[in-house]
Amino acid sequence: MTVTNRILWIVIGLLLAAAGAAAVLVSAGWMPGTDRDVTLLTDAMSRRWRDWGGWALAGVIVAGVIVAALGIWLMSLELRQRGGRALPTVVFRPAAQAYGDEGRLAAGNGHAAGGRTQVDTSVLSNALKYDLQLDPLVKRASVRLTGSVGKPALYLRLQVTRDADMVAVRANVAAALARFRTTTDLSPTLRETVIKVS
Amino acid sequence: MSGLNRLAAFLLGLVLLALGLLAVVEAVALSVWDESWPIRPLLSWRDDLMTTPWSDWRVWFGGAIAFVVGVAIVIAELRPVRPKRLGTGGAKDDNWMLARRSVESQTADAAASIRGVASAKAVTRGRADHWRLNVTAKTEGDVVDRKDVEDAVHDQLRALGAPEEAPVRVTVRRR
């Protein structure tokens, strides 16, 4: 996104500089093929607009809709967080259990247990966050789960103590992730871990 | 810079949305009521444009402003931007990163902890995946062995899990 924004502003800057330079050159009479005494909006342009009739205004409406849509798209791009959309709500369904399996529950007359548990992503993120913060070396943790249930991804931000040993921090994070996988049956790919020392 | 870019791009999006909606409303108002709304002076602006020649000082002035602003934007965007996060130089799929400011503050503190060093400053240069560290330690006249400062900085980098091969340049100066 950073690179995209930089390119966007470089293009805008170049267009602005080019338009400004062209205006100065024409205004000063230095641009060949132009007449500095001609008005900004000529009678010919006005006549052509009138000749187009309703099509001119229709064109403005279409252009206005396109510009507005571009504006919405640009705003949504800037509001998007790193890693893309948050993981949608996860639904857990217990595996079908055969009646009489030792140590397992079976419903009523022997049919498999049913039901589903819906867990909001923020609950999962907070659970992992609290687990990571149990480590005395980690002052604060920030967890972001993105992607889909079939292909989840994880972004971590850890604020560690000044004397934190990174080897120990890595080991604790790996252990917390292992617990997360076991508990949730989700195996998110750890896309990024950013360490900040304070 | 990236935060400023994001905010500016967001505001640009907002302006585009406003302009687009305004254009639609104006076009509908003109086609239905043959009147400009909500920008009442729109038609008188059109008349102004039809009487203002390119040689008018306002055109020259506006063009000069646009040129200067455009060039300033391009220069600002082409300036090298220091990355916010630095790689730890692990395996290809190792995605652990260090906050740049943490690396700089921790290594500066490590250098400043050496006896005789009054203050120290650390600055990283280069890309996120290939960076180097410049540490400047200032003394009040005491003799400070540069090797001691280097060792302290290297120890701190090791503790942070920074890549072993990250070049470090230590300079000891008198205040």
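Naming convention: chains lettered A, B, ... in sequence-line order (proteins, then strands); numbering from 1 in each chain.
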Counting heavy-atom pairs under 4.5 Å with chain A, which one of [options] comes out on top?
options                            : answer
B:Leu14, B:Val68, B:Val15, B:Leu11 : B:Leu14
B:Leu49, B:Ile73, B:Leu12, B:Leu21 : B:Leu49
B:Ala64, B:Ser105, B:Gly13         : B:Gly13
B:Trp54, B:Phe67, B:Phe10, B:Trp60 : B:Trp54

A:Ser46-A:Arg50 side chain donor-acceptor pair, cut-off 3.5 Å: yes
So which part of [X] gets closer than 4.5 Å to some heavy atom of chain B, the side chain, the backbone, both or neither?
X        : result
A:Asp43  : both
A:Val173 : side chain
A:Leu79  : both
A:Ala164 : backbone
A:Thr34  : neither
A:Leu8   : side chain

So, A:Arg6 side chain and B:Glu77 main chain: donor-acceptor pair closer than 3.5 Å or not? yes
Given a strict heavy-atom distance threshold of 4.5 Å, which part of [X] is in contact with chain A: side chain, backbone, both, or neither?
X       : result
B:Ala18 : neither
B:Thr51 : backbone
B:Asp56 : backbone
B:Leu78 : both
B:Leu86 : neither

Under 4.0 Å between a Lys/Arg side-chain N and an Asp/Glu carboxylate O for [X] and [Y]?
X        : Y        : result
A:Arg144 : A:Glu192 : no
B:Asp145 : B:Lys147 : no
B:Arg158 : B:Asp155 : yes

Where is the tightest heavy-atom contact between [X] and [Y], given as atom of each residue plus distance?
X        : Y        : value
A:Val60  : B:Ala23  : CG1-O, 3.7 Å
B:Ala122 : B:Val135 : CB-CG2, 4.0 Å
B:Trp131 : B:Pro167 : O-CD, 3.3 Å

Side chains of B:Arg169 and B:Arg132: does their closest heavy-atom pair fall under 4.5 Å? no
Contact winner vs chain B - A:Ala21, A:Ala17, A:Ala23, heavy-atom pairs under 4.5 Å: A:Ala17
A:Arg157, A:Lys196, A:Arg162: which one forms the most heavy-atom pairs within less than 4.5 Å of chain B? A:Arg162
Residues, nucleotides or ligands: over 12 heavy atoms within 6.0 Å of A:Arg181 CZ: yes
Only one of A:Thr189, A:Leu186, A:Thr193, A:Leu177 forms a side-chain contact (heavy atoms from CB on, under 4.5 Å) with A:Leu154, so which one is it? A:Leu177
